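Each remark here refers to the structure printed beneath this line.
From a predicted model like this one, the values you see are computed outputs, not experimental measurements. In what follows, chains are A, B, ... by sequence order, proteins preceding strands, each numbered from 1.
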Amino acid sequence: MNSRKVRVRFAPSPTGGLHLGGVRTVLFNYLFAKQHGGDFILRIEDTDQTRFVPGAEAYIFNTLNWCGLTPDESPVHGGPFAPYRQSERKASYRQYAEELVKNGYAYYAFDTPEELEQMRAQFKTAENPSPQYNQQIRIKMRNSLTLDAATVAQLLKDGVPHVIRIKMPEQETVHFTDMIRGEVSFHTSQVDDKVLLKADGMPTYHLAVVVDDYLMQISHAFRGEEWLPSAPVHLLLWKYLGWEAQMPQWAHLPLILKPEGNGKLSKRDGDRLGFPVFAMDWTDPKSNELTIGFKERGFLPEAFVNLLAMLGWNDGTDQEIFSLDELVQKFSIERVHKAGAKFDYEKAKWFNHEWIKRTEARRLLPAVKEILAADRMMVTDDALLEKIINLVKERCTLLTDFTQQASFFFALPAEMDTAAVKPKWDDKKNLFFTELIRSFQLSTLWEAAGLETTFKELAAANQLKPGELMLPLRIMLVGGKYGPGVFDIAAILGKEETIRRITHTLSLLEHA
RNA sequence: GGCCCGUUCGUCUAUCGGCUAGGACAUCUCCCUUUCACGGAGGAAAGACGGGUUCGAUUCCCGUACGGGCUACCA
């Protein structure tokens, strides 16, 4: 259809943490671009100066970096179409708005916020709870359509605050082909006269997105479904500005919904239901309130990207685990679902579990080290840690699970679940372990299989079932009813430490 | 309210007119394991409703219902 270079953009407004749905939009943009050998541009849409949040832009970059979705062009990466922050492009928008006015596609409006409020109050009825600045209303307002030319000229000359609004045509049907939804159409009589240029001289999203997509030669525009209703405004702007031939192809992505059904997923749902919604931790600079992120919850970026991709897309087979590279290869926008998807945290965790299981210990090492360090466990022996990771990773759903699964290798268990053995504890068992200590002391070869043999032979000699003794040994070494095979643990702990822990617990049981 | 979009197991989804409607998560049963997991076997579980079109509809069309989005000088 068009053979020009694929250029896509993600255009967030830096007002806080990056929502999971936002990251998915990035992902689909990225996949599409990379698959077609195109460029992925990050453009910051900071046209609302009242919503500036310090740190939000840096957060976006950190998040993309963590996910491995690096832009080719952005405020920090630079590029041939700089600047990539709309606030820095402010000067370029007015001319286009003025051009629209000159050609009769837009008009000046001098209504104050109070007047607008008044208008809404005045026309508000039960049937029409939110009156719009549309074809019926605009003739009742103060704008260059109702005021005579001289008055308008004077107002302009006096520097009276005003906006520029698009003049929606009366009887037209605007339609386009959405890459996901197919044919979509709107009747212009139902669309209001959106503000294009604000009184502060900044463009609204509607103008900025069209101008910048044009200037930056964007070929495909992917965004959330919540933008669908304003699509006719954008379509018309492309046409009125004379750029129709260069208009990108649109794709409106389905929304990510709350687990229990009603509405799109929000940060609040995560807080309420106990799962992350933001990609990474976000601390609101005003309230200092911390919102947990997937990263800090213990998700691998590979898993995060994978689960996001599967929310609304599949390759038509039963495959569910995809690497980023694989996604780049197999992704197709046509296979993206139309309907919104309810977010299922259980399934999200499953993806992470799968990725932990299939990721090499060596690559898990830095993250695990960090997690243990957060628990005051400084591990210096990488080789040892790697061995431990391999031993326990299949029972870790989140990276943070390594705290429980691995820390007993490095420190005496903080809690000793002696209650689990005490009810069935007797002198016979006590004797057995005393003897076990002795034979462990004598053993020259310290490895799992050998220890198990020693253990079982000794049990037989004492006429005890090994099964009755395994749990006590586990408690002695681990502190609780979890962890990998006991003899594997003993092998890693080493002779001295193993004996020390058995002795220690024995005395605990005696004095309890 | 208006406009727009959507609708297959509880959840994510496969199906592109003829299927015993498949898979995954969760759930249940069993096996493995005298910890917790992993793994294995099996079970229960779905086409919103009503009309068409058709030899035949989950699949195409139209209504209805339900769900969602938008309705700011926010994106």
I need the residues from [range] with at least one non-hydrogen atom less than 4.0 Å from RNA chain B; give them sorted by number, or say none.
range	answer
residues 15-25 of chain A	none
residues 396-405 of chain A	none
residues 139-146 of chain A	none

Compare the minimum distances between each of [options] and the side chain of [X], then state the nucleotide with the smallest one.
X	options	value
A/E346	B/A26, B/C4, B/G1	B/A26
A/E225	B/G68, B/G1, B/A75	B/G68
A/R395	B/U35, B/U34, B/C74	B/U35
A/V163	B/U34, B/G39, B/C73	B/C73
A/E394	B/C74, B/C38, B/C73	B/C38
A/E354	B/G39, B/G69, B/A75	B/G39

Starting at atom [atom1] of [X], determine the distance to atom [atom2] of [N], rounded to an integer number of angstrom.
X	N	atom1	atom2	answer
A/R51	B/C74	CZ	P	9 Å
A/K338	B/U8	NZ	P	13 Å
A/M470	B/U35	CE	P	8 Å
A/F455	B/U34	CZ	C1'	11 Å
A/L469	B/U35	CG	P	13 Å
A/K349	B/A37	NZ	P	13 Å
A/K357	B/A37	NZ	C1'	9 Å
A/I137	B/U71	CD1	C1'	14 Å

Would you tell me if any nitrogen or oxygen in the side chain of [X] comes within less than 4.0 Å of OP1 or OP2 on [N]?
X	N	result
A/K393	B/A37	no
A/K198	B/A75	yes
A/R120	B/C73	yes
A/K124	B/G1	no
A/T47	B/A75	yes

Nearest-angstrom distance, [atom1] atom, [N] to [M]:
N	M	atom1	result
B/A57	B/C25	C1'	30 Å
B/C32	B/G69	P	50 Å
B/A44	B/C38	C1'	24 Å
B/G2	B/A14	C1'	37 Å
B/C73	B/C12	C1'	40 Å

Within the structure shown, what part of the strands sits under 4.0 Å from [X] by heavy-atom distance: base, sugar-phosphate, or nothing?
X	value
A/H353	sugar-phosphate
A/D192	nothing
A/T204	sugar-phosphate
A/L116	base
A/V191	nothing
A/N128	base
A/E127	base
A/P484	base
A/P113	base

salt_bridge([X], [Y]) N-O dist < 4.0 Å:
X	Y	result
A/K347	A/E320	yes
A/K167	A/D193	no
A/R165	A/D192	no

Taking the side chain as everything from C-beta on, heavy atoms only, tell me whether [X] gets closer than 4.5 Å to [Y].
X	Y	result
A/V26	A/P71	no
A/T204	A/T47	no
A/K198	A/I164	no
A/R297	A/T400	no
A/K264	A/K258	no

Mind checking who B/A24 pairs with, Watson-Crick or G-U wobble, both distances under 3.5 Å? B/U11
Considering every strand shown, what is the Watson-Crick or G-U wobble mate of B/U64 when both distances are under 3.5 Å?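 B/A48 - that is the nucleotide pairing with B/U64, both distances being under 3.5 Å.
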Between the side chain of [X] and the main-chain N/O of [Y], is any donor-acceptor distance below 3.5 Å?
X	Y	value
A/S74	A/L42	no
A/H162	A/A199	no
A/K342	A/L257	no
A/D401	A/T397	yes
A/R474	A/P484	yes

Can you tell me if A/E98 and A/Y93 form a side-chain donor-acceptor pair at under 3.5 Å?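 Note: A/E98 and A/Y93 side chains miss the donor-acceptor criterion.
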Do A/D375 and A/T403 have side-chain N/O donor and acceptor atoms under 3.5 Å apart?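 No, no side-chain donor-acceptor contact under 3.5 Å.
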Does A/R181 make a side-chain donor-acceptor contact with the base of B/C5, cut-off 3.5 Å? no
Under a 4.0 Å heavy-atom criterion, the protein footprint on nucleotides 58-66 of chain B, written with B, S and -, is ---------
Protein proximity profile, nucleotides 10-16 of chain B - base contact B, sugar-phosphate-only contact S, no contact -, cut-off 4.0 Å on heavy atoms: -SSSSS-
By the definition side chain to side chain contact (heavy atoms under 4.5 Å, CB included), identify the one residue from A/L364, A/L372, A/N390 that meets it with A/L385. A/L372
Are A/F28 and A/F331 near enough that their ring centres are under 6.0 Å apart? yes
Rounded at 0.5 Å granularity, tell me how far CG in A/L197 sits from OH in A/Y108.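 Answer for the CG-OH pair, A/L197 versus A/Y108, is 9.5 Å.
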Neighbour count >12 (heavy atoms, 6.0 Å) for atom CD, A/E183: yes
Taking for each residue the nucleotide of RNA chain B with the nearest heavy atom, is it A/K264 or A/D46 whose nucleotide lies nearer the 5' end?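 Nearer the 5' end of the strand: A/K264.
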Which residue pairs pass the side chain to side chain donor-acceptor pair (under 3.5 Å) test with at least one member in residues 475-492 of chain A, sequence neighbours excluded? none
